[in-house]
Amino acid sequence: IEQPTFPKITEMCVKMIRRVNDEEGIKKLVNETFQKLWFTPTPHHDKEAMTRKILNITDVVAACRDTGYDWFEQLLQNLLKSEEDASYKPVKKACTQLVDNLVEHILKYEESLSDSDNKGVNSGRLVACITTLFLFSKIRPQLMVKHAMTMQPYLTTKCSTQNDFMVICNVAKILELVVPLMEHPSETFLATIEEDLMKLIIKYGMTVVQHCVSCLGAVVNKVTQNYKFVWACFNRYYGALSKLKNQHQEDPNSTILTANKPALLRSLFTVGALCRHFDFDQEDFKGNSKVNIKDKVLELLMYFTKHSDEEVQTKAIIGLGFAFIQHPSLMFEQEVKTLYNSILSDKNCSVNLKIQVLKNLQTYLQEEDTRMQQADRDWKKVAKQEDLKEMGDISSGMSSSIMQLYLKQVLEAFFHTQSSVRHFALNVIALTLNQGLIHPVQCVPYLIAMGTDPEPSMRNKADQQLVEIDKKYAGFIHMKAVAGMKMSYQVQQAINTCPKDPVRGFRHDESSSALCSHLYSMIRGNRQHRRAFLISLLNLFDDTAKTEVNMLLYIADNLACFPYQTQEEPLFIMHHIDITLSVSGSNLLQSFKE
């Protein structure tokens, strides 16, 4: 445990592993390197090698805490897939060893945490170990089944630091995946988990509530069917919300409401979170009652979206987003459409509300994607017996109709001054395109415009989407190129912090590259498309085109700095400028003389 960590090695591993989705040659190299380094079985007697391996993996996981763990999942999937049909499965064996040893390490850290000298170091290490176990559980939950009983007590961790919360959230995520796979788990064990989760839901903040409700959903829906327990919790928060609504209707300025604001925020969030994972309109919950719970919840949450306090509005919108995951059809309700579209299109509306609506759409699409992948996997298992294609089709038809409703407003959010709004709008569009929910041609000009964003991560994401569209639909990019250039000028205007200065069309760095250089590099390969595009841009300088002068400066900057590769390209432009000057230039001089 006391062994020093190796920052240099960790750094190298982090850099290498991020290339796991690169081109085939690099991908193969990364997979082979980490198979040798981490996923080759270690001899049982060599404890030291095993400890080194564990420290190295957890160091790399800890170092990637802020950038996400997609690479680890990708790597593990690639390696396990490569040996699916083999009789000897070294990667699977190595994973089993790693999981067993990580659990041992966790127990050791637990002991050393009582010795207060090394508390900070070891609690960080504990979080990294539990996070790594969660990543294994995500890809191969079977590996953790025998350790579920060991993990459960960590739900009662006393929370004082950020690390303690991370432990609880990751343990809840592990149990959510693992408990449904256990064969005949003891009733005491299940009852303890339910009790622990409920205490956490009542006591702690949003992140903990979210993961604990999700875990409770898996345990109750798939294993215990203890619906009464959840129904009581739902009624507690739903009842509190109804009461607060009635008080607010009687007297919006009542001091009781101000005092009860924390309870209101918690109730809005928790009612939504519970509705995301449980369908309370089932008989198991409400019995013979004829009340339509989802409509009641919608009405309550919608009431608080009109509250004067922005924090209350935000929580109500978060709650709605959760409820829509369980019941997407609610997004077709007129009042919901009006709420979402007015928040997205209103220039004076708060940035937080805009971001929350976009996050709601993003989460819905991510959940749908996960659902579709699961349905796909299930279908492959039984595909030989029956045709289950319709299952997926109905669901994707629903998400397609939903995205058609909100698409225009989401795309218009690209023209927002705040980069966080643009970031979430781009995420929603990328998910929509990847799932094939809309015809891509309408997004092309907007993606071209986002390709000029000052933030490299957003530029790359937009460019990547254009490359994907170009592969599938040749000619679409060229068709919308000029419209995209004009739109990119609008994006730049929105971002421009100093309105007195005109917007320029090149980057103010050592490269001085054109903002639309990626667009040009996509079109330049086809001579006919390239020439048509350049002439269309030059035609904007014609008097009859009536283009405003600042936009002409922006386009001239781009034309001056495009990444030309052959002499023919700039010479073609010069030739056409020459023709234009000889005609309109002499007319202009004549006008001045007169």
Side-chain angles (χ1 to χ4, degrees), residues 21-24 27 70 358 361-362 364-366 368-369 372-373 376 392-393 396-397 399-416 421-492 513-534 536-537 555 558 562-563 565:
N21 279 330
D22 226 308
E23 61 199 58
E24 279 310 310
K27 190 171 165 179
D70 295 351
L358 290 167
L361 291 170
Q362 177 183 315
Y364 163 69
L365 290 169
Q366 284 166 336
E368 273 306 301
D369 197 32
M372 299 283 279
Q373 285 175 5
D376 206 37
D393 287 353
S396 65
S399 15
S400 178
S401 311
I402 288 169
M403 283 322 295
Q404 301 286 357
L405 283 181
Y406 301 110
L407 182 68
K408 185 155 179 20
Q409 280 73 14
V410 173
L411 287 168
E412 293 295 325
F414 282 1
F415 303 125
H416 200 278
V421 175
R422 300 197 302 274
H423 167 82
F424 284 107
L426 183 57
N427 281 356
V428 172
I429 295 301
L431 282 163
T432 310
L433 288 169
N434 292 341
Q435 292 176 36
L437 302 178
I438 52 169
H439 197 290
V441 75
Q442 51 204 333
C443 297
V444 170
Y446 291 92
L447 289 168
I448 292 170
M450 276 306 278
T452 65
D453 197 280
E455 292 191 23
S457 60
M458 297 219 266
R459 286 206 294 272
N460 296 342
K461 192 164 191 169
D463 291 348
Q464 191 55 45
Q465 293 299 322
L466 286 172
V467 170
E468 292 299 318
I469 292 172
D470 197 39
K471 274 185 203 162
K472 289 183 194 155
Y473 310 92
F476 269 15
I477 310 295
H478 159 66
M479 190 162 80
K480 294 287 182 187
V482 179
M485 284 278 289
K486 288 179 177 172
M487 219 172 253
S488 71
Y489 173 70
Q490 289 171 276
V491 166
Q492 291 304 314
S513 57
L515 290 180
C516 296
S517 55
H518 181 259
L519 170 67
Y520 181 75
S521 60
M522 287 183 77
I523 292 177
R524 65 166 298 281
N526 180 321
R527 186 170 180 223
Q528 196 182 349
H529 285 176
R530 178 181 75 225
R531 290 190 154 189
F533 171 57
L534 291 172
S536 306
L537 292 183
I555 287 171
N558 272 288
F562 274 151
Q565 305 248 314

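Remember, it's a predicted structure, so these values are computed and weren't measured experimentally.
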Inset, instruction - Go through the steps for Tyr406 and Val428 under the test side chain to side chain contact (heavy atoms under 4.5 Å, CB included), then give the verdict. - result: CA-CA 10 Å; Tyr406 301 110; Val428 172; over 6 Å; no
Inset, instruction - Go through the steps for Phe476 and His439 under the test ring-ring contact (aromatic ring centres under 6.0 Å, His included), then give the verdict. - result: CA-CA 11 Å; Phe476 269 15; His439 197 290; 5.5 Å; yes
Legend entry - Check against side chain to side chain contact (heavy atoms under 4.5 Å, CB included), Leu447 and Ile469: CA-CA 10 Å; Leu447 289 168; Ile469 292 172; 3.8 Å; yes
Legend entry - side chain to side chain contact (heavy atoms under 4.5 Å, CB included) assessment of Asn434 paired with Asp369: CA-CA 10 Å; Asn434 292 341; Asp369 197 32; over 6 Å; no
Legend entry - Steps toward side chain to side chain contact (heavy atoms under 4.5 Å, CB included) verdict (Met485, Leu537): CA-CA 9 Å; Met485 284 278 289; Leu537 292 183; 3.9 Å; yes
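Aromatic ring pairs are classed by plane angle as parallel below 30°, tilted from 30° to 60° and perpendicular above 60°; the pair Phe562 and Tyr520 is parallel. Using bins of under 30°, 30° to 60° and over 60° for the plane-to-plane angle, the ring pair Phe414/Tyr446 lands in the perpendicular bin.
Looking only at side-chain heavy atoms (C-beta outward), Leu515 and Ser488 stay at 4.5 Å or farther from each other. Using a 4.5 Å cut-off on side-chain heavy atoms (C-beta onward), Leu365 and Leu437 make contact. Taking 4.5 Å as the limit, every side-chain heavy atom of Ile429 sits out of range of all side-chain heavy atoms of Met450. Within the 4.5 Å cutoff, the side chain of Met487 has no heavy atoms near those of the Ile448 side chain. Between Asn427 and Lys461, some side-chain heavy-atom pair lies under the 4.5 Å cut-off.
Contact record, Ala430 with Gln465: CB-NE2, 3.4 Å, taken as the closest heavy-atom pair. Shortest non-hydrogen contact noted between Ala413 and Leu358 is CB-CD1, 4.4 Å. Contact detail for Leu466 and Met522: the closest heavy-atom pair is O-CE, 3.5 Å. Closest of all the heavy-atom pairs between Glu455 and Asp453 is N-OD1, 2.9 Å. Taking every heavy atom of both residues into account, Arg459 and Gly451 meet most closely at CD-O, 3.3 Å. The two residues Asn558 and Cys516 come nearest to each other via the heavy atoms OD1-N, 3.0 Å.
In this structure, the separation between CE on Met372 and CD on Gln435 is 7.0 Å, given to the nearest 0.5 Å. The distance from atom NZ of Lys480 to atom SG of Cys443, rounded to the nearest 0.5 Å, is 11.0 Å. Note: Asp463 CG to Met458 CE = 12.5 Å, rounded to the nearest 0.5 Å. Between atom NE2 of residue His478 and atom CG of residue Asp470 there is a gap of 11.5 Å, rounded to the nearest 0.5 Å. The distance from the CD1 atom of Ile477 to the NE2 atom of His518 is 9.0 Å, given to the nearest 0.5 Å. Here CD of Gln362 is found 10.0 Å from OG1 of Thr432. Values are rounded to the nearest 0.5 Å.
Looking only at distances, no side-chain donor or acceptor of Glu368 sits under 3.5 Å from a matching main-chain atom of Ser399. The closest donor-acceptor contact from the side chain of Arg530 to the backbone of Gly525 lies at 3.5 Å or more, if one exists at all. A donor-acceptor distance shorter than 3.5 angstrom exists from the side chain of Gln492 to the backbone of Thr452, with no hydrogens or angles considered.
Scanning for side chain to side chain donor-acceptor pair (under 3.5 Å) contacts around Gln404 gives an empty result, with sequence neighbours left out. With sequence neighbours excluded, the residues forming a side chain to side chain donor-acceptor pair (under 3.5 Å) with Arg531 are Glu568, listed by chain and number.
The pair Glu468-Lys472 fails the salt-bridge criterion, with no side-chain N (NZ, NE, NH1 or NH2) lying under 4.0 Å from an Asp/Glu carboxylate O.
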